[in-house]
Amino acid sequence: MAPYPQTGHPVDPRFASVDCLFFVIGAQKAGTTWLSHYLKVHPDISVPEWKEHDYWNMVEGRPQPSRMLKRQAERRTQDGPVRRLGALLPFTLHAKRQKAITLALRAVEAPHPPYSAYADVIMENVTRKTRAAGEICPEYALLQSETYAKMSALSPNVRYVFLMRDPVARFISGAQHTIRKSLGKAAETSEQVSEALQRFVNQPASRHVALSRYDQSIEALEAAVPSSNILYVFFEELVNLEKVRSICDFLGISFVEGAVGRRANSAGGKVG
């Protein structure tokens, strides 16, 4: 077997301070939010305050940080005196989130080796008990092979959990999710979904189509990462405790029974 590509770039040594560095990738509406909640409360895991930093997209030259991060940054200018005071008090939830936002915004400005600003984000909550640290970002399914190689060079044990869902079901659910965000409503009509689907289908180069092209994503990932470091999981399998156990085994962490069946960003499914 030919060796997988190595970048030769220097990287921050903190990435290798945990047994496993991981990335959960895939597509929106394929269970990433549920898995994000599960990993965030797991005692062996360290993840940032929220998912979808889009850091490695910015490494590729796409400069926009995640929508969630931008919204959080904008809220800073709107905070009243009470919230600003809360951000100064140690150990409060608001202060913790504000610190995470500060670190994430610094990482936006430094998408290059040795990736120390990114290490500040990923490793912030690591303790002596942490066995695995990482990030959940569906958009990383659209990265190039060269970028996966850079990510894999961060640590001796870098692993990827690739979440998938039936492409048609994911496509429809994604359209519903987009409509709800654009209209600010919790429900949508069949006509609105139909119009959105037609619009997305007529844009074959759009991210909505690309995120359902698992063949292209898998080809790019496997060109840079050995198969032993990739776990493919289907959305429908997340209701199975044994599948959750296999994810824990893959990441080298203890199994903790999660809220299987919990709804998250649901549009008719149990996990989202």
Side-chain angles (χ1 to χ4, degrees), residues 9 11-12 14-15 17-18 20-42 45-76 87 93-126 130 132-144 146-155 158-163 177 181 207 210-211 217 220-221 225 251 264-265 272:
H9 295 308
V11 297
D12 193 297
R14 287 176 292 171
F15 292 116
S17 66
V18 291
C20 174
L21 184 68
F22 68 87
F23 299 95
V24 177
I25 68 177
Q28 285 89 350
K29 313 309 297 176
T32 54
T33 298
W34 181 89
L35 189 54
S36 175
H37 287 306
Y38 177 81
L39 295 177
K40 191 169 185 178
V41 299
H42 196 291
I45 288 283
S46 175
V47 294
E49 285 300 299
W50 58 81
K51 65 173 186 172
E52 300 183 47
H53 284 78
D54 290 338
Y55 181 82
W56 292 98
N57 297 331
M58 291 180 280
V59 171
E60 284 193 351
R62 288 174 278 171
Q64 294 299 318
S66 71
R67 291 184 297 271
M68 188 178 300
L69 177 57
K70 287 193 292 186
R71 285 198 301 268
Q72 293 291 337
E74 291 168 357
R75 286 184 60 182
R76 285 186 161 187
L93 179 60
H94 185 55
K96 186 176 181 181
R97 288 176 175 170
Q98 290 302 309
K99 180 181 179 182
I101 293 170
T102 297
L103 294 177
L105 291 174
R106 288 175 182 169
V108 168
E109 301 299 324
H112 46 69
Y115 310 116
S116 292
Y118 182 61
D120 290 341
V121 173
I122 298 299
M123 312 303 287
E124 179 194 3
N125 298 319
V126 168
T130 301
E135 181 187 5
I136 298 90
C137 187
E139 293 284 338
Y140 291 168
L142 302 181
L143 294 173
Q144 301 171 9
E146 292 81 1
T147 307
Y148 289 130
K150 293 176 182 178
M151 297 161 70
S152 295
L154 294 176
S155 173
V158 178
R159 302 197 163 218
Y160 301 80
V161 177
F162 195 124
L163 294 179
H177 188 57
K181 289 195 298 184
R207 59 181 294 278
L211 285 170
S217 297
L221 180 62
V225 180
L251 298 178
N265 292 336

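What's counted below: heavy atoms across the whole structure, side chains too, no hydrogens, waters or symmetry copies.
- Annotation: the span from Glu135 atom CD to Ser36 atom OG amounts to 10.0 Å, rounded to 0.5 Å.
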Derivation and outcome, side-chain contact (heavy atoms from CB on, under 4.5 Å), residues Leu103 and Glu124: CA-CA 9 Å; Leu103 294 177; Glu124 179 194 3; 3.6 Å; yes

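- Across every non-hydrogen atom of Leu154 and Phe15, the tightest pair is O-CB, 3.4 Å.
- Rounding to the nearest 0.5 Å gives a distance of 9.0 Å between CD1 of Ile25 and CG of Leu163.
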Return a table of donor-acceptor pairs under 3.5 angstrom between the side chains of residues 108-116 and protein atoms on other chains or two or more places apart.
residue : atom : partner : partner atom : Å
Ser116  : OG   : Asp12   : OD2          : 2.8

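- Residues Ala141 and Ser217 come closest through the heavy atom pair O-OG, 2.8 Å.
- Here the closest heavy-atom approach between residue Ala220 and residue Leu143 is recorded as CB-O, 3.9 Å.
- The aromatic rings of Tyr38 and His42 stand perpendicular to each other, their planes meeting at an angle above 60°, with 30° marking the opposite boundary.
- Neither side chain, Thr147 nor Tyr140, offers a donor N or O lying under 3.5 Å from an acceptor on the other.
- Atoms CG and CG, from Leu251 and Leu21 in turn, are 10.5 Å apart once rounded to the nearest 0.5 Å.
- In this structure, CG on Leu142 lies 9.5 Å from SG on Cys137, to the nearest 0.5 angstrom.
- Tyr160 has its side chain within reach of Leu221: a pair of non-hydrogen atoms, C-beta onward, lies under 4.5 Å apart.
- Every residue two or more places apart in sequence or in another chain that forms a side chain to side chain contact (heavy atoms under 4.5 Å, CB included) with Ala107 is listed here: Tyr55, Ala117, Val121.
- Sorted by first then second residue, the salt bridge (Lys or Arg N to Asp or Glu O under 4.0 Å) pairs that include residues 110-119, not counting sequence neighbours, number zero.
- Atom CG of residue Leu39 and atom OG1 of residue Thr32 lie 11.0 Å apart, to the nearest 0.5 angstrom.
- In this structure, the side chain of Ser17 engages the main chain of Arg14 through a donor-acceptor pair within 3.5 Å.
- Met58 approaches His53 most closely through the heavy-atom pair CE-O, 3.6 Å.
- Thr130 is linked by a side chain to side chain contact (heavy atoms under 4.5 Å, CB included) to Val18, Ser46, Val126, Thr127, counting only residues two or more places apart in sequence or in another chain.
- Applying the salt bridge (Lys or Arg N to Asp or Glu O under 4.0 Å) definition to pairs two or more places apart or across chains, none involves residues 31-42.
- In this structure, OG1 on Thr33 lies 9.5 Å from CD1 on Ile136, to the nearest 0.5 angstrom.
- Using a 30° and 60° split on the angle between ring planes, Tyr118 and Phe23 fall in the parallel class, below 30°.
- Nearest heavy-atom pair, Tyr148 versus Val225, reported as atom, atom and distance to 0.1 Å: CB-CG2, 4.3 Å.
- For Glu146, the side chain to side chain contact (heavy atoms under 4.5 Å, CB included) partners at least two apart in sequence or on another chain are Gln144.
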